[in-house]
Structure formats: C-alpha cells, structure tokens
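Everything on this sheet refers to the single structure shown next.
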Amino acid sequence: MTATTEAPATTVAEPSTAAVPAISLTGVTKTFQSSRESFTAVGGLDLDIESGEFFSLLGPSGCGKTTTMRMIAGFEEPTTGVVRLDGTDVTDVAPNHRDVNMVFQSYALFPHLSVADNVAFGLKRKRVGKAETDRRVAEMLELVELGGQAKRKPSQLSGGQRQRVALARALVNQPRALLLDEPLAALDLKLRQAMQMELKRIQRDVGITFVYVTHDQGEALTMSDRIAVMNEGYVEQLGTPAEIYEHPATRFVAEFIGTSNLLTGTAAATTSDGTDVRLDCGQHVLVAERLSEGTQVDITVRPEKIQLSTEPPDASLSRVRGTVADTVYLGSSTHYTVRLDDDTEIVVFQQNDRDLSAADAVAGRGSDVWLSWRLSHSYLLPS
Amino acid sequence: MRRKLTPYLLALPGWAWLAMFFVVPIAGMVSLSLTSGNVITGFYQTFNVGNYLDAITLYSEQLVRSLLYGLGATLICIVIGYPAAYWIAFHGGKHKSTYLLLILLPFFVSFVLRTISWKFTLSDNGVVLGTLKSIGLLPADFAVLNTAPAVVLGLAYNFLPFMVLPIYAVLERMDHRVVEAAHDLYASKLQAFLRVVLPISLPGVFAGGLMTFIPTTADYVNASVLGGPGNTMIGSIVQTQYLVNNDYPIAAAITFVLMGVLLIGIFSYARALGTERVMEVQAK
Amino acid sequence: MHKNPLLRGMTQARYGRRDMLKFSAMAAAGYGLAACGVSGQKQKAVAEEDFWQGKKETGSLTFANWPLYIDPKRTQLKQFTKATGISVDYREDVQDIAAFAGKLQPQLANGDYTGYDLIVLTNGLELARFLALGYLAPLDHEQMPNFTKNLGQSYRDNSYDPGNKHTAPYASGITGIAYNPKYVDREITSIADLWDPKFKGKVGMMSDPQEIANFGLLLNGVEPAESTKKDWQAAADKLMKQRDDGIVRSYYAQDFVQPLTNGDVWLTMAWSGDIYQQNAEAGTDLKFVVPEEGATIWTDLMCIPTTSKAAVDSLKLIDFLYRPEIAAGLTEYITYIPPVPKAQDILRAQAQQASGAERKDLEQLVESPLVFPTDEDYSRLHNYVSIEPGKENSFTSVFHAVTQA
C-alpha cells in the first residue's frame, strides 16, 4: 500500500499483512514511440489497489491516469514493469482473458444490439447458460434501474441511461475489478451528481473493486475510498480524500485539490509552540513545526479554515492583517479576497451563520481586517 | 401559412429536377415499351404487352447471365473491398486520405480506357499470362481474355470503389472503442469482428452491394471488350435493339424487365439484411 | 511525311471514344424519344430545287467523320479553306455508325439541327433508313463539277443510292481476312479457313450483322445482294456451328487489330486499311487477303442532313475533295480506296519523282490491290445485304443470335 514518485526500481511494495491486492502495479512505465518522437505517459508507478475499494486516479489531462487504466485493462502493454490481478502476473494477457471490465468514457455501447443484448454480451462470450444469462441480465438491469428498457436500442436512450447500460454491461460479468474511465464526463451537472451517489450505492451493493479515472477533484473526493493524485506520469500523493485534502503532500496537490492559500516566508525564531515565520510581506505568523532559523518555507491554508474579524484575534493563533479587496456572496457562504501589504491575496470562505448585515458592515470592500487560523490548520510544503 | 409552405417551396427545384429527368423519361419509356410499329412507320400506342413477353422469352439467358455476373462481381468486390476499407479505416492512421486516393486513382482514367488496358494485361501473351506461361506455371493455350471470368473480373475491378467507399464511411464513423469494449467483454479478435464490427458495418456493405450490383448487372462495356462468344450481357442487347435495330419498344421493355428484376432482388436483399436495423444504425 | 506512328497508332483512344459515344448516344436517344414521343419519324421528301432555293454560303461548316480519316494536320481541309475561304470545324465524332445514326435520329425526326452540316455514313442499314425517312438532302450535281467528272464508274451504278442523289463516296474499304504469320504457318486463302478447327479459339469475327452475314453467305456460295431469309438462316447456322465448336475467340466491333498483333487471335475478319496502317506504322507483318469465296466492299458516304445550316458550304467541300490531287493526298494518308480513280495516276507520278523510302512507300501504295483494286478484284467484292428499312429486325435478329448469345 504505497505509492512514490521515486524511481521504480528502488521502491518495493511494503509487505502487507492484508489479503493480496486486487490490482497491483510494480515498476510500471509506458512510453509511446512514434517515428519522430517518444512520449512518456507513465514514468514509473507502484500501486496496490485493495479488494473492494473505490479507488480513484485523479489528475489533469495528460497525467497518465487513462494510460494506467488501459494498462490494467490490457489495451496497452507496459514498456516495463508488471501488472498483477489478485497476485497473478497478467502483463502479457490479452484484454479478453483478463477478469476486469471497463466502462468507457464514450460508453462504447454496441449500437446494433438492444440494451439486454449489450448487457448479455460478456456472458455469452463466457458461454454462461441462457437461463443464467437472462437472470443475471434482468437482475443487473434492475440494479441500474433500466428494467423497462431492455428491448430498446442505445440510440433510443438518454445520456444517463446509456451510462447505466455501460455500467450494467461491465458489472454483470462480476469482474475482479471495474475500471471506469471518466464515466460521468458527458453528463450534465445535476445528472452527474445523482450518478455519483448512484455509483457509490452500486459499488457498495456489489462489493467489486472500482478503479475510477477522473480529472474532477470534487468527484474523486466525494466517491473514493482512496485517491492517487497523478501528475506528468507519476503519483504525487496517495491517500484518503481527507488526507489529500487536509494534508496535501506537494504544491501540485495543494493547488490541484480545492482552493489553497500559499504564503511564503523565512523561519525567524523558534518558540515554545513552534516557529515564528516572517512572511515576505513583513508580517509574522506561527507554525507548529520546528524549523531552523533562515529556512525558506511555503505555508498553505485552506480558505474555510480562516477566520475573518475586525478585532485582533487571540495571539495563540496564526494571524495576519490585510484589506478586503473583493467579496462574493454565495448564499450559504461568502468568499472574501483579502490583500496583504505585498499584494499577496488570501481567499477566505466564511459561513453565513451570523447576522448578515453585521458581517457585511464589518468586512465591506476596503475595510481592514484580521485573518486568523489555528496552527494545526496550516501546512508546510516541501520547497 | 407561408411558413408552412416554405419547406415545400424549397424542395421545388428538387421535385422539378426529378420530374424532368426521372418521371417524364420513365413515363415516356413505359409508354414506348407498349407500342408497336417500326422506325419508318413510326411507333403507335397499342398497349402491346407482347414486347414484355418477347423481352423475357428471347433474352432470359442474357438476363440471368447478367445477374450472375453482377452477383459474382459484387461478391468479389466485397471480398476485396471490405478488408481494404477495414484496413484504411482502422490502420490508415494519418494517411487515410492518401490510401483512399490510391483506391480511386485508376478511376481518374476513363472507364473504357481502363477496361481496354485490361485487355492488354490479360492478353494471351501479355505481361501476366505470358510471364506465367514462360515459367511453365500455365499451359500454353490458357486464356483469360474473352471468357466469363475476364468479364466478371473486369466488372469487379471497375466498380471496386463503389464498394470500398460506403464500407469505409461506416467503419470510419464507427466508435472504434466498441472494438475495445468487445475485447474487454471477453470477445476474441474474430468474435469482436463478427459480433460487433461486421454487424455495425452492414449498412455500408448493403449500400456498397447496391452500388456495385446494379451498375455491374446493367453494364455492357466490360462484356463487349473483355468477353467472348456466349458472354453477352443484357446491356448489349438493349444497346443493339436501340441503336442497330431501332426497335425502341423491345429495348424499353427489356430495360423495365431488368429494372423489375433488380428491384425485386434489392427488396429481398434488404429484407434478408433487415433494413429496419440497417437504417437505424445508419441514422445514429 | 505522313508517317506519324504515335498519332496514327492511338488505337486505344479510338476504341475508347467509340464506346463512350455509344453510351451517350443511347442516353440522348432515350431522352429524346421518351420526352417527345416517337410516332412521326419521317420527314417529307424535299425536291432538289426546293431544297437549294435561297440557300447561301455561310463561310463555315461542321463535318463529322471517322477518326483517322484525314491526316492530323487536316491538310486537305486547309487547302479547301485557302481556296474558298470557308472554314471547316472537323469532328471525329463517328466512332460507330449505328451509335452515330442512333444519336442523330431523334433530332432529325424532329427536324432539328444536329450540330453537323456534313456527315459520313456507311452504305448499310443506317443509310437506307435515313434515305427512307427523308433525312438527307438531295445533292445539286450542277454545282459539283469535280464530282460529276471524277467519280469512279463503279460508284455510279450502285444499289444503295442510285444516281448518287443524296450521297458522295468518301472512301471504300474491303472486309476480308487478316492473319498473323507469326502464328499461322500456312497461307490463308478462303473463308473456310475461319472454320478450321486447327485455329480453335484463335479466330476473330465481326459483330456487325451485315459484316458477319456476308461471310456466312459467301461461304455458302450465296450472293449477299440476292440472298433470301432462308439463305440468312443457313448462313447463321454455319456461323453458330463455328461459335459452338469454340473456334471463335471474340466478335469484334472494330478493335481486331490489337488482338491480332498480340496473338490473342491468329486470323480474323478485318478491314483492309486498318491492316495496311498497322503494318506501315507498327512494322508488323500482318497479311490481308481477299478470300477466294469473295469479300465485302463497303463505302463511307458524305451526306448533308436536311437540317444542315451550311448546305452550300458542305456541297463545296464535297466537290473540292473530288479534285484528283486532293483525293490523292487523302488516300496517301488513309490508305483506303478513293472514289477518284485519277488519284492513282497522281500518286504514281509522285512516286516516280520521289526517292528512297518515300518512293518505296508510294509505290507500294499505288500497286496495292487493297487501295486500288483491279476490275478482277472488284468482281470478287460484294455489297452488304440490302434490307428494306423498317424490316431490319428480320435480318439482324438472325445474326445477333450468333454474335449476342
């Protein structure tokens, strides 16, 4: 259960007392060669995905997440490294002999077959008996709430319905793992949110390992048990949604996941509580970590962790002064942009749980405010 | 009211065109096919159904032969054209249009010239047969020119693009991920082709079949240039009746008999392939 | 000087155009007939005086002829323009007489201009039909001094257009047998040789009913001009046997030269001039014989459609081509029989003045019985079977049963 950014050869999966991982990638790289150039899509990957977990590969386009998934499915052969399913090396096994199924981004439904025949396709290839096939198809269509659409053609279905057919078509085979390649990308926002819940429910019901590829951090945070954040062919951070959100391991993760405020400064002096850091703007903040004097640091704080006030906050908190540059009222919350002396901007989300007029009067544009947060809510990023 | 009329008005030139170049000539030809007389006395409308009986009884042999040649040429076109279209659509990469152009290249030359050039190629002592004979692979008196296979091969050669292009269009338009989806769902390469690619591409094969079968059946140039005694196709008969004998009624009657046979053939073909399904996939 | 093998040897292009024309002619004829109805085909006969009444020279004319029927520089036409000031738009649009006539037929039936002021037709079914339908203008012989003076005697008493009222011969040719001595190791002398099982699959015949009928009839010893329906059937039976025995390789419309050169056929029915030209240009040694049973002579005739817009100009051109020195120049290129016997004397005189290869060529031409047949030769040459217009089918169907099985 480990993922690193170091060279693959030096890292070996930690011995685990748990069962054999459902999917395991060891030292996997993938380089695409064309006559003129070569492009490294996956630079080195060690990844164990546990049985029954909802695992997301998250990252911007071109980060290697889809290539990784296609190597698990067998559509791409790794340039180096080993792919194991349930501990069995399947690196050279063709996709039709791998016990994983995929939900394609475009769904890739068979346009000439009915919904039921689409779903039955895999079972027929595996020569499951007709009665058994019919039963499982019906069951699966019920599960995805398409019981009444069995005889329709894909062209007669809505986008959301097609998506569920694609899901049913893969799941009916009861694979070791289900691979989903941005399956919700083509749906509109409302449907997408509904399907997120739906997918999570189905995954709980069937108990199959889901490997979910997405560039949407919200989707990944909502649904996943664990997330691997990928960038330029490497895993930047692997952890639960909370770990990744609360403790971004790298600057990339901090910036890619949610909104982060980044403060740069130099360690000025250690105190009993931690370190006093002199920010580039001249103000001082406290951090919990002990740093030797003169160390350059990047401090990151999530906007919703910051309190905004007109009165000076408690001195045990980290605190800075600034001027409100902009406010955006969003109903349940208000987003403030506060400018420090050196033009560093800090974003603050305040829940509108107080009297609105009072808050507004306090923090109107141009007013001077204090920002404060607990020491435990700021993190130092490796530079 | 006016708004409702607009689409019909827009279609007017199309209808006028159809009326002028299809309905009027066809109606004229139907009427002609029922006349009696000759070119000197003129042709008079007598509703002479005997023209059709003559057309069928006198030329059934050439008619059946034309259908068989057309069918043979169409099958050869499928066997050669499908893999070509498949390869270009799936493995053509950046050079798809180049490969398509290569398929079409011979067709920048006139139809008749192409056929004539085959005559040189297939000559008894020509490049192909001469060479094979000189190395002893064929007996000295072996001939292709002026035989039925020469005609069928010539037809297949001349109409190949009409098969390749529609199949290519369907394969190209197809979401290639469905092939991966089929592999993912445990289909072997052959199964993926037979169960997914082939059925999806059937409308292309259907269209290509029509576009090959109809003109090959009605063709007469290939038979007259590459054929020999006993290879006459129905198109040559029509031509002779029209231009040499000036027997317009019988020529028109043969034409309609051929048209009727082709239409019956096409409808049963469409039914066999399942037009409903075919149209559905095409509409997508 | 006229030997340009490249230009004259482009036989492929020639077949190509012929076939394409057939097709477009069919289409045109189909539409014309279908759209306009077909009851009134016949045009009223016009008296000679009435036709020429008020007709004036226009200064230009359009002439439709066979390909390769004048040298590529159009020497004789240039001479005509120089002499008369009338320009000639010369079109090689006659690739197949049946197709050409078929294309013109609906237009002439409607009394429309065909686009041509002067055309060429062979003495055969199409000509007979055009004459019967009154599509061809009567020629004003008084305006044709060269024609009346120089037309050869044998052309004056013809059966296809007695008195040459509507037609003026352009050139004649012989349909005989050609063979390739590379493959045929004996001398071919008779039509019966075309039935020799030794040449199984190597014999070429012509697809035109009139052409093939004559050979069948002559083989049976029947004079084509006097043949009856019974004779036709007997001839057709012979021809069918020849076909069913596998002796015939192909029935050719006109493209027999290349297969004969290539060896696809070893002996074939052939037109004299085509063989003469092929030998002259490709250096082949193809033989042409007038078989002992006899052969066919045909004549390509210049005619003025009644709807011609430049009838006077056309008449002048016809007459111009009957000047002996002009006819001689034409013959030197096309190597078919000129209707002007004096052309032979002029060519002979030219040969005596020339030297070297040119002299040899000219001498060969002048002495060739294919270009200048002797009276004895003429006695062995026969016309096509003549059929009453409108009754062609009773004749053609008998022989189409042979060639279009």
Side-chain angles (χ1 to χ4, degrees), chain B residues 20-21 24-32 35 37-45 58-59 61-62 110-113 115-117 119-120 122-126 141 143 145-146 220-221 224-225 227-232 236-248 250-252 255, chain C residues 12-13 15-20 22-23 25-26 29-31 33-42 96 98-99 101-103 105 109 125-126 129 132-133 201 205 207-209 243-244 246 248-251 253 255 258-259 262-264 388-393 396-397 400 402-405:
Chain B
M20 190 156 67
F21 292 105
V24 170
I26 288 278
M29 295 295 272
V30 171
S31 149
L32 185 60
T35 57
N38 66 43
V39 73
I40 300 299
T41 60
F43 297 97
Y44 300 98
Q45 188 53 263
L58 291 176
Y59 301 112
E61 197 183 333
Q62 287 88 347
S110 109
F111 176 60
V112 177
L113 265 190
T115 312
I116 299 279
S117 76
K119 209 168 164 165
F120 284 86
L122 295 179
S123 169
D124 290 6
N125 310 304
D141 59 350
L145 199 61
N146 310 117
Y220 67 91
V221 175
S224 56
V225 176
N231 301 137
T232 306
S236 302
I237 301 287
V238 174
Q239 187 212 359
T240 302
Q241 290 299 344
Y242 229 117
L243 294 177
V244 181
N245 287 356
N246 288 99
D247 193 340
Y248 303 150
I250 190 98
T255 306
Chain C
Q12 304 96 302
Y15 307 140
R17 289 201 299 272
R18 286 183 186 189
D19 284 322
M20 284 320 278
K22 272 186 202 168
F23 187 74
M26 281 175 75
Y31 190 72
L33 289 167
C36 311
V38 282
S39 45
Q41 294 283 308
K42 201 163 176 171
D96 176 290
K103 187 181 133 190
Q105 173 111 26
L125 302 178
E126 293 79 16
R129 188 188 309 138
L133 292 170
M205 297 294 282
S207 60
D208 185 278
R243 179 195 72 198
D244 295 340
V248 180
R249 178 67 180 269
S250 186
Y251 293 101
D255 43 351
Q258 211 55 50
N262 294 349
D264 292 338
E388 190 189 332
K391 303 258 166 77
E392 294 98 337
N393 210 356
T396 55
S397 61
H400 280 144
V402 176
T403 59
Q404 296 207 320

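In what follows, every chain begins at residue 1, and chains take the letters A, B, ... in the order their sequences are listed. These figures come from a predicted structure and were not determined experimentally.
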Q: Pick one of side chain, backbone, both or neither for C:T403, based on which atoms fall under 4.5 Å of a heavy atom in chain B.
A: backbone
Between [X] and [Y], which heavy-atom pair has the shortest distance, and what is it?
{"X": "B:S123", "Y": "C:N262", "answer": "OG-CB, 3.6 Å"}
{"X": "B:D124", "Y": "C:G263", "answer": "OD2-O, 4.3 Å"}
{"X": "B:I40", "Y": "C:R129", "answer": "CD1-CG, 4.0 Å"}

Please report the interatomic distance [atom1]([X]) to [atom2]([Y]), rounded to the nearest 0.5 Å.
{"X": "B:N125", "Y": "C:D264", "atom1": "CG", "atom2": "CG", "value": "6.5 Å"}
{"X": "C:R249", "Y": "B:L145", "atom1": "CZ", "atom2": "CG", "value": "5.0 Å"}
{"X": "B:I237", "Y": "C:H400", "atom1": "CD1", "atom2": "NE2", "value": "8.0 Å"}
{"X": "C:E388", "Y": "B:N38", "atom1": "CD", "atom2": "CG", "value": "9.0 Å"}
{"X": "C:S250", "Y": "B:N231", "atom1": "OG", "atom2": "CG", "value": "8.5 Å"}
{"X": "C:D96", "Y": "B:L243", "atom1": "CG", "atom2": "CG", "value": "7.5 Å"}

Q) Where does B:D247 contact chain C at under 4.5 Å (heavy atoms): side chain, backbone, both or neither? A) side chain
Q) So which part of B:D141 gets closer than 4.5 Å to some heavy atom of chain C, the side chain, the backbone, both or neither? A) neither
Q | B:Q62 side chain vs C:Q404 backbone, donor-acceptor pair below 3.5 Å | A | yes
(Q) Which one wins on heavy-atom pair count under 4.5 Å against chain B: C:D208, C:L133, C:L125? (A) C:L133
Q | Trace of the salt bridge (Lys or Arg N to Asp or Glu O under 4.0 Å) decision for B:K119 with C:D255 | A | CA-CA 11 Å; B:K119 209 168 164 165; C:D255 43 351; 3.2 Å; yes
